[in-house]
Amino acid sequence: MNFGCTLIDWYKLNKRDLPWRNTRDPYLIWLSEIILQQTRVAQGVPYYFKFVNAFTNITSFANATEDEVLKLWQGLGYYSRARNMLKTAKVIKNNCGGIFPTAYDDLIKLKGIGPYTASAISSFSVDEKRAVVDGNVYRVIARYMGIDNPTNSNSGIKVFQILANSMMESHVPSLYNQAIMEFGALVCTPKKPKCSHCMLRPNCWALANNKVELLPVKLKKTASKKRFMYFFVVRNGNKLIIKRRKNDDIWAGLYDFPSIESKGLLAIEAIVAHHDFKLWFGNNAIVNKIHKPIKHLLTHQTIYAQFIEVCGAICLNKQPPEWLHVSVNELENYAQPKLIFAFLKKYLT
DNA sequence: AAAACGGGGAG
DNA sequence: CTCCCAGTTTT
């Protein structure tokens with residue numbers, strides 16, 4: 001029995017019952033695929049339901065505001081996915097008559113849809129013959145075939161795509177693609193793979209050569225950077241000052257507080273002496289409360305954050321025009337980074 | 001070719 | 001703590 005048949009037989013018996021399976025609707029497949037980019041299934045499922053309920057079809061999605069979409073996306077990370085979804089929804093509404101494309105060559109032109117997602121949507125919706133290559137596929141092929149090209153190198157990406165295409169053979173693309181990914185997620189896992197009861201074990205190169213834990217090979221990623229952020233919590237009656245984050249940094253389009261940033265740890269004396277602090281709050285501002293520092297871990301940076309409540313003589317005329325005064329019960333309409341959301345939850349109770 | 005982009009779970 | 005997840009875009 002060959003590779004593909006073995007995978008598909010296993011899949012039919014062992015697949016998970018996931019909410020985006022059993023549909024050919026490219027809109028629903030697109031929702032699930034964007035949500036699942038660099039995201040575990042368990043984390044993505046609730047968001048899939050949120051979006052399906054909020055937007056029944058691509059046109060209703062296209063009519064949303066960016067704030068609305070980001071609010072639904074809050075907590076999922078990689079927020080450019082949400083902003084790109086809205087751009088793509090508008091393009092489909094305005095240039096494709098609201099009909100979601102199913103052809104790889106059309107899909108690949110859309111924002112947020114790369115080679116993996118275009119392959120997934122085109123194969124799952126209309127069985128276009130396109131082999132998906134995601135983290136699971138890299139792992140299964142690297143181990144089964146004994147491929148040690150780095151999966152995140154330019155040459156490695158090419159090699160794995162070619163191998164993935166040829167290994168699909170003449171199997172039903174939707175079925176084969178789902179099967180190889182599900183197998184990678186459930187059996188050929190990154191850590192502690194279930195080799196002992198793997199049906200591919202007779203032909204697995206890595207198992208025969210005792211290299212299962214060493215494959216796939218991945219080039220080391222850049223070291224995590226440290227950042228020190230100081231957020232000013234300014235209350236004006238029942239209103240708080242928030243602002244929308246710029247597009248040149250993390251959390252683009254989400255809302256946080258006026259803040260300053262430093263390369264290193266700052267004492268409170270240095271914070272109140274900071275140029276921006278004096279500009280915004282004047283010399284008579286009172287630091288009401290200094291919250292305990294928080295260490296917020298991201299994949300590529302470690303953020304040391306501190307929330308500082310400020311009151312007293314606020315220089316209202318020196319406030320940047322982009323600052324918003326939002327009443328406490330309206331805050332829930334503004335998407336916030338996890339760090340800010342977690343603070344507000346405690347602060348407001 | 002390399003860096004940037006979040007948050008969570010497993011080990 | 002490190003690794004990596006149904007990757008894509010930007011530099």
Side-chain angles (χ1 to χ4, degrees), chain A residues 11 15-16 18-21 29-48 70 73-85 87-88 107-121 123-124 130-140 150-158 160-161 164 174 176-186 188-193 213 216-225 227 245-254 295-303 335-342:
Chain A
Y11 175 71
K15 66 178 173 182
R16 293 167 290 182
L18 302 177
W20 45 83
R21 295 216 165 121
I29 296 167
W30 169 72
L31 277 183
S32 70
E33 292 302 337
I34 304 295
I35 287 171
L36 291 172
Q37 286 169 6
Q38 295 294 284
T39 304
R40 292 171 184 283
V41 166
Q43 191 187 4
V45 167
Y47 287 86
Y48 176 77
L70 283 173
W73 200 269
Q74 175 178 290
L76 195 54
Y78 284 171
Y79 296 92
S80 66
R81 290 183 289 173
R83 291 183 283 120
N84 284 334
M85 281 182 109
K87 286 179 198 163
T88 283
L107 291 163
I108 195 72
K109 296 173 186 158
L110 298 167
K111 277 292 182 189
I113 299 183
Y116 164 77
T117 306
S119 300
I121 298 174
S123 66
F124 297 164
R130 300 279 181 175
V132 293
V133 183
D134 74 331
N136 294 304
V137 175
Y138 280 125
R139 195 164 54 251
V140 173
T151 58
N152 54 347
S153 73
N154 226 342
S155 65
I157 290 168
K158 270 184 199 164
F160 280 96
Q161 182 70 61
S174 55
Y176 173 84
N177 278 338
Q178 297 269 7
I180 190 169
M181 288 195 287
E182 190 77 337
F183 175 74
L186 298 183
C188 197
T189 49
K191 307 284 181 190
K192 310 270 184 191
E213 300 281 6
V217 173
K218 222 174 166 179
L219 263 31
K220 66 173 188 296
K221 51 185 186 302
T222 51
S224 163
K225 288 175 188 166
R227 298 174 70 172
R245 290 182 62 87
K246 306 263 191 280
N247 284 341
D248 60 355
D249 196 5
I250 55 170
W251 305 321
L254 277 67
K295 186 176 181 181
H296 187 68
L297 284 171
L298 304 179
T299 301
H300 49 286
Q301 44 188 286
T302 301
I303 295 169
Q336 301 135 23
K338 153 90 192 253
L339 177 66
I340 303 296
F341 184 73

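In the text below, chain A, chain B and the rest are named by the order of the sequence lines, each starting its count at 1. What you see is a predicted model, and the numbers here were worked out from it, not measured in a lab. FYI, side chains are in, hydrogens and waters are out, and symmetry mates aren't considered; it's all heavy atoms of this structure.
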From the list [options], which nucleotide is the closest neighbour of the side chain of [X]?
X      : options             : result
A:E182 : C:dA6, C:dG7, B:dC5 : C:dA6
A:K218 : C:dC5, C:dT9, C:dA6 : C:dC5
A:A185 : C:dA6, C:dC5, B:dG6 : C:dA6
A:Q37  : C:dA6, C:dC4, C:dT8 : C:dT8
A:P337 : B:dC5, B:dA3, B:dG7 : B:dG7
A:Y78  : C:dA6, C:dG7, C:dC4 : C:dG7
A:T222 : B:dA3, C:dA6, B:dG6 : B:dA3
A:P115 : B:dA4, C:dT8, C:dC4 : C:dT8
A:N154 : C:dA6, B:dA1, B:dG7 : B:dA1
A:N84  : C:dG7, C:dC4, C:dT9 : C:dT9

N/O (side chain, A:K225) to phosphate O (OP1/OP2, B:dA4) under 4.0 Å: yes

Kindly say if A:K220 contacts the phosphate of B:dA2, meaning a side-chain N or O under 4.0 Å from OP1 or OP2. no

Classify [X] by what it touches in the nucleic acid, base, sugar-phosphate, or nothing, heavy-atom distance under 4.0 Å.
X      : answer
A:Q178 : base
A:K295 : sugar-phosphate
A:I34  : nothing
A:W73  : nothing
A:N152 : nothing
A:R21  : base
A:T117 : sugar-phosphate
A:I35  : nothing
A:L18  : base
A:G75  : sugar-phosphate
A:G114 : sugar-phosphate

Taking the six-membered ring for Trp, are A:W251 and A:H296 parallel (under 30°), tilted (30 to 60°) or perpendicular (over 60°)? tilted

Do A:Y116 and A:E33 get their side chains close enough for a donor-acceptor pair, meaning under 3.5 Å? yes

Do A:Q37 and A:R81 pair up side chain to side chain, a donor and an acceptor below 3.5 Å, judged on atom types alone? no

Check this for me: does the side-chain of A:T299 come within 3.5 Å of the base of B:dG7 through a donor and an acceptor? yes

Between the side-chain atoms of A:Y116 and the base atoms of C:dG7, is any donor-acceptor pair under 3.5 Å? no

Where A:Y78 and A:W73 come nearest, the two heavy atoms and their spacing: O-NE1, 3.7 Å

Please report the closest heavy-atom contact between A:N136 and A:A185, naming both atoms and the distance. OD1-N, 3.3 Å

